[in-house]
Amino acid sequence: MKIRTRYAPSPTGRMHVGNLRTALYAYLIAKHENGDFLLRIEDTDQGRLYEGATDLIYRTLADTGLKHDEGPDVGGPVGPYVQSERVKAGLYQKYAEELVAKKEAYYCFCTQERLDSLRQEIDGKEVMVYDKHCLSLSEEEVQAKLQAGEPYVIRQNNPREGKTVFHDELYGDIEVDNAELDDMVLIKSDGYPTYNFANVVDDHLMGITHVVRGNEYISSTPKYNRLYEAFGWEIPVYIHCPLITDEEHKKLSKRSGHSSFEDLVEQGFLSEAVVNFVALLGWSPEDNREILSLTDLVDCFDYHRISRSPAVFDYQKLRWMNGEYLKAMGPEKFRSLSLPILRETLPGFADDAEKLTKIAAMVQSRVEILPDIPDMIRFFAVLSDYDTEIYRNKKMKTDETTSLHVLKELLPFLEEAEDYTNDAIYAALSEWIREHGYKNGYVLWPLRIALSGQATTPCGATEILEMLGKEESLDRIRKGVSMLGG
RNA sequence: GGCCCCGUGGUCAAGCGGUCAAGACACCACCCUUUCACGGUGGUAACAUGGGUUCGAUUCCCGUCGGGGUCACCA
């Protein structure tokens with residue numbers, strides 16, 4: 001049997017990383033077995049529709065490489081793939097009425113006020129269990145109300161006694177008392193189906209074999225199974241994925257600032273790195289590999305190895321992983337990715353392709369995310385004010401006094417030197433240092449500080465000399481000398 | 001609160017009755033070095049807890065504690 005999985009988002013905004021991971025796992029489960037991965041848009045909540053959200057879903061799927069075989073934009077044999085279009089065909093209404101005929105569902109005319117009176121607050125949380133009030137309506141009463149045009153919903157009719165068991169591939173058999181199952185709404189008063197109903201109907205009609213979804217649906221799964229059974233449909237394989245939480249072990253929220261794929265991309269993360277990272281949140285391969293491309297993942301993904309416990313989204317590790325991707329890419333690719341940032345940060349170098357290439361190379365091995373670059377290289381353009389304290393370095397045996405001395409001693413030599421290319425100036429400088437009986441760091445440390453105004457730079461002192469050129473370099477050294485009281 | 005799920009270092013995460021309890025991020029130290037970073041080496045750090053079952057439990061069972069999810073005409 002060919003595996004068919006689906007990603008069924010509701011077009012309400014950006015793609016949450018939890019949803020992204022669910023989509024990824026659904027994709028991997030299907031593709032590992034050469035199955036189909038489909039996209040279905042669940043737009044049954046008219047109030048929450050968000051302009052452009054569907055396009056955002058297409059774009060995110062494309063950016064992450066989760067290519068769907070069937071969907072609204074690419075078509076397929078079991079369409080339409082947008083639920084609002086299926087509503088127009090009367091699909092859900094038809095199936096709901098079938099359930100009513102089987103006494104597995106019933107019309108409910110209760111007003112919002114009556115429903116509200118059923119609500120109660122427990123531990124600060126609002127809880128409501130419907131009391132089956134409308135189940136007792138006679139067929140004549142129902143017809144009369146329907147004829148009168150009274151607004152209604154259709155509710156599932158769940159038993160009060162007995163137990164319902166369902167099987168999840170990760171969690172095993174889960175047994176629930178039927179008393180826990182409330183009569184959930186299947187068709188809303190606006191004629192649209194609820195997620196709960198549309199999901200079951202469509203998964204069946206679209207031939208979904210493995211239902212992959214978040215953990216939060218686990219407690220409503222028995223109700224879905226009762227639906228499948230009422231229709232006489234085959235129950236799919238369930239795979240409920242564990243939650244992704246923030247550092248506080250709470251559900252990842254917009255407040256954490258990195259809850260959606262787009263947030264992360266805006267923060268400078270590579271989509272490959274995000275996909276890789278998210279794949280490892282709740283799953284691990286048999287071997288120890290951590291850097292895995294999407295095709296690697298397809299190859300080795302075994303859903304039985306998905307974890308059952310929630311995972312904390314570790315921003316630090318994502319940064320590290322992004323850096324691994326940056327370091328692993330070819331210098332050409334890195335250069336083209338970083339070029340716009342380089343140009344913007346260093347307008348004076350914007351036309352000097354050679355220097356920009358060198359700077360890109362310097363930065364490639366030290367950057368975790370591209371937006372870190374400006375702070376690392378800004379000193380090439382402007383020398384900021386700095387604290388002379390950074391001239392002090394225990395290991396190099398330097399302080400303000402020795403630095404002042406060395407810098408003054410060095411100045412005439414650098415004024416005389418003509419060739420400021422790195423190799424040449426480094427050779428000449430090394431010679432000078434040897435002649436004076438100094439250690440490299442004793443001289444190079446203060447020189448680098450004077451040139452950059454920073455304790456850490458993406459390159460050594462002589463590379464800065466080359467970048468700045470003779471005149472600017474000498475200016476900065478003189479400024480250092482005066483700052484040190486010389 | 002009812003029901004359900006989860007519980008290995010700070011975090012991710014191997015383990016699936018017998019291990020000195022892997023590995024990665026972070027952290028620390030050292031090496032390398034023209035600073036930082038990269039790279040290399042080493043280190044600190046964990047089986048929530050109490051009972052069982054067993055010759056033997058991180059691993060199986062039960063209780064406790066802790067965390068999370070869910071109880072909508074949202075998905």
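Source: prediction; values computed, not measured. Letters A, B, ... are given to chains in the order of the sequence lines, protein chains preceding strands, and every chain is numbered from 1.
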Peer 1: Which part of the nucleic acid does A:Arg213 contact within heavy-atom distance under 4.0 Å: base, sugar-phosphate only, or nothing?
Peer 2: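 No contact at all - A:Arg213 keeps every heavy atom at 4.0 Å or more from the nucleic acid.
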Peer 1: Reckon A:Ser189 touches a base, only the sugar-phosphate, or nothing at all at heavy-atom distances under 4.0 Å?
Peer 2: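 The answer is base, as A:Ser189 lies within the cut-off (heavy atoms under 4.0 Å) of a base atom.
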Peer 1: Which nucleotide sits closest to the side chain of A:Thr457: B:U35, B:A26, B:G69?
Peer 2: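 Per side-chain heavy atoms of A:Thr457, the pick is B:U35.
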Peer 1: Is it the case that the side chain of A:Asp246 and the backbone of A:Lys250 share a donor-acceptor pair, with hydrogens and angles ignored and the cut-off at 3.5 Å?
Peer 2: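 At least one qualifying donor-acceptor pair exists.
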Peer 1: For A:Leu429, report the nucleic acid contact type (base, sugar-phosphate, nothing); a contact means any heavy atom under 4.0 Å.
Peer 2: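 Counting heavy atoms under 4.0 Å across all strands, no contact is made by A:Leu429.
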Peer 1: Look at A:Ser430 and B:U34 and indicate whether a side-chain polar atom (N or O) is within less than 4.0 Å of OP1 or OP2.
Peer 2: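 No.
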Peer 1: If pairing requires Watson-Crick or G-U wobble contacts with both distances under 3.5 Å, which nucleotide is the partner of B:U41?
Peer 2: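 The base-pairing partner of B:U41, which may sit in any strand shown, is B:A29.
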Peer 1: Could you check which of B:A75, B:U70, B:C73 has an atom nearest any side-chain atom of A:Asn196?
Peer 2: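 Nearest nucleotide to the side chain: B:A75.
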Peer 1: Has the side chain of A:Ser220 got a donor or acceptor that lies under 3.5 Å from a partner of the other kind on the base of B:U70?
Peer 2: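 There is none.
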Peer 1: Could you check whether A:Met396 gets within reach of a base, just the sugar-phosphate, or nothing at all, counting any heavy atom under 4.0 Å?
Peer 2: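 Sugar-phosphate: the residue A:Met396, judged by heavy atoms under 4.0 Å, touches backbone atoms but no base.
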Peer 1: At 4.0 Å (heavy atoms only), tell me whether A:Asn178 reaches a base, stays on the sugar-phosphate, or touches nothing.
Peer 2: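 Touches nothing.
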Peer 1: Could one point to a donor on the side chain of A:Lys395 or the base of B:U33 with an acceptor on the other under 3.5 Å away?
Peer 2: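 In this structure, the two groups form a donor-acceptor pair.
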Peer 1: Of the nucleotides B:C71, B:A13, B:G69, which one has an atom closest to the side chain of A:Lys125?
Peer 2: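 Closest of the options to the side chain of A:Lys125: B:C71.
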Peer 1: Given B:C4, B:C6, B:U35, identify the nucleotide with an atom nearest to the side chain of A:Ile218.
Peer 2: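 Of the candidates, B:C4 comes closest.
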Peer 1: Strictly below 4.0 Å, N to O, side chains only: are A:Lys317 and A:Asp314 in salt-bridge contact?
Peer 2: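 Salt bridge flag = no for A:Asp314 with A:Lys317.
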Peer 1: Identify the nucleotide, in any strand shown, that forms a Watson-Crick or G-U wobble pair with B:G23, with both distances under 3.5 Å; if there is none, say none.
Peer 2: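 By the stated definition (distances under 3.5 Å), B:C12 pairs with B:G23.
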Peer 1: Would you tell me if any nitrogen or oxygen in the side chain of A:Arg305 comes within less than 4.0 Å of OP1 or OP2 on B:G15?
Peer 2: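 A:Arg305 to B:G15 OP1/OP2: side-chain N or O found under 4.0 Å.
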Peer 1: Considering only heavy atoms and no angle criterion, is a donor-acceptor pair shorter than 3.5 Å present between the side chain of A:Lys317 and the base of B:A24?
Peer 2: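 When only heavy-atom distances are counted, A:Lys317 does reach the base of B:A24 through a donor-acceptor pair under 3.5 Å.
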Peer 1: Is any side-chain N or O of A:Arg308 closer than 4.0 Å to OP1 or OP2 of B:C6?
Peer 2: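 Result: yes.
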Peer 1: Applying a 4.0 Å non-hydrogen cut-off, can you work out what A:Val153 is touching in the nucleic acid: base, sugar-phosphate, or nothing?
Peer 2: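 Base contact.
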Peer 1: Looking just at side-chain N and O atoms, do A:Gln267 and A:Tyr315 make a donor-acceptor pair shorter than 3.5 Å?
Peer 2: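 Side-chain D/A pair, A:Gln267 to A:Tyr315: present.
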Peer 1: Should B:G1 form a Watson-Crick or G-U wobble pair with both distances under 3.5 Å, which nucleotide is its partner?
Peer 2: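 B:C71 is the nucleotide pairing with B:G1.
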Peer 1: Would you say a side-chain N or O of A:Ser365 is under 4.0 Å from OP1 or OP2 of B:A37?
Peer 2: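 For B:A37, OP1/OP2 do not have a side-chain N/O of A:Ser365 under 4.0 Å.
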Peer 1: Checking A:Arg155 against A:Tyr130: charged group under 6.0 Å from the ring centre and within 45 degrees of the axis?
Peer 2: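 That pair qualifies as a cation-pi contact.
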Peer 1: Go through B:A75, B:C5, B:U34 for me and flag the one nearest to the A:Tyr171 side chain.
Peer 2: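 The closest nucleotide is B:C5.
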Peer 1: Is the shortest side-chain N to carboxylate O distance from A:Lys470 to A:Asp419 below 4.0 Å?
Peer 2: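 Between A:Asp419 and A:Lys470 there is no salt bridge, as every charged N stays at least 4.0 Å from the carboxylate O atoms.
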Peer 1: Can you tell me the pairing partner of B:G17 across any strand shown, Watson-Crick or G-U wobble, with both distances under 3.5 angstrom?
Peer 2: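 B:G17 is unpaired by these criteria.
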Peer 1: Heavy-atom nearest nucleotide on RNA chain B for A:Cys459 versus A:Lys223: which residue maps closer to 5'?
Peer 2: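 With A:Cys459 and A:Lys223 compared, the 5'-side residue is A:Cys459.
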Peer 1: The side chain of A:Trp445 is closest to which nucleotide in this list: B:U35, B:C73, B:C71?
Peer 2: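 Shortest atom-to-atom distance from the side chain points to B:U35.
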Peer 1: Give the nucleotide from the list B:C38, B:C6, B:G1 with an atom nearest to the side chain of A:Lys327.
Peer 2: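 Nearest to the side-chain atoms of A:Lys327, counting from C-beta on, is B:C38.
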Peer 1: Please answer whether B:U34 and A:Tyr426 are stacked, defined here as ring centres separated by less than 5.5 Å and planes angled under 30°.
Peer 2: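 Stack criterion met.
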Peer 1: Where the side chain of A:Lys251 is defined as all heavy atoms beyond and including C-beta, which of B:A26, B:G7, B:U70 is the nearest nucleotide?
Peer 2: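 My answer, after comparing the listed nucleotides, is B:U70.
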Peer 1: Using a cut-off of 4.0 Å on non-hydrogen atoms, how would the nucleic acid contact of A:Gly282 be classed: base, sugar-phosphate, or nothing?
Peer 2: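 Touches sugar-phosphate only.
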Peer 1: Just to confirm, is there a sub-4.0 Å distance from OP1 or OP2 of B:G68 to any side-chain nitrogen or oxygen of A:Lys250?
Peer 2: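 For B:G68, OP1/OP2 do have a side-chain N/O of A:Lys250 under 4.0 Å.
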Peer 1: Using a strict cut-off of less than 4.0 Å between a Lys/Arg side-chain nitrogen and an Asp/Glu carboxylate oxygen, indicate whether A:Lys88 and A:Glu85 qualify as a salt bridge.
Peer 2: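 A:Glu85 and A:Lys88: not salt-bridged.
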Peer 1: Can you find a side chain N or O atom of A:Lys188 that sits less than 4.0 Å from OP1 or OP2 on B:A75?
Peer 2: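 A:Lys188 to B:A75 OP1/OP2: side-chain N or O found under 4.0 Å.
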Peer 1: Is any NZ, NE, NH1 or NH2 atom of the basic residue among A:Arg6 and A:Asp202 found under 4.0 Å from an Asp or Glu carboxylate oxygen of the other?
Peer 2: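 A salt bridge is absent here (no side-chain N lies under 4.0 Å from a carboxylate O).
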Peer 1: Taking any strand in view, what nucleotide pairs with B:C47 in a Watson-Crick or G-U wobble way, both distances under 3.5 Å?
Peer 2: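 Across any shown strand, B:C47 pairs with none.
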Peer 1: Give none if B:G66 has no partner; otherwise give the nucleotide forming a Watson-Crick or G-U wobble pair with it, both distances under 3.5 Å.
Peer 2: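 Here B:G66 is engaged in a pair, and the nucleotide opposite it is B:C6.
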Peer 1: Is any N or O donor-acceptor pair between the side chain of A:Thr194 and the base of B:C73 shorter than 3.5 Å?
Peer 2: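 Answer no: no donor N or O sits under 3.5 Å from an acceptor.
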Peer 1: When we call it a touch if two heavy atoms are under 4.0 Å apart, what does A:Tyr217 touch: a base, just sugar-phosphate, or nothing?
Peer 2: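 The answer is base, as A:Tyr217 lies within the cut-off (heavy atoms under 4.0 Å) of a base atom.
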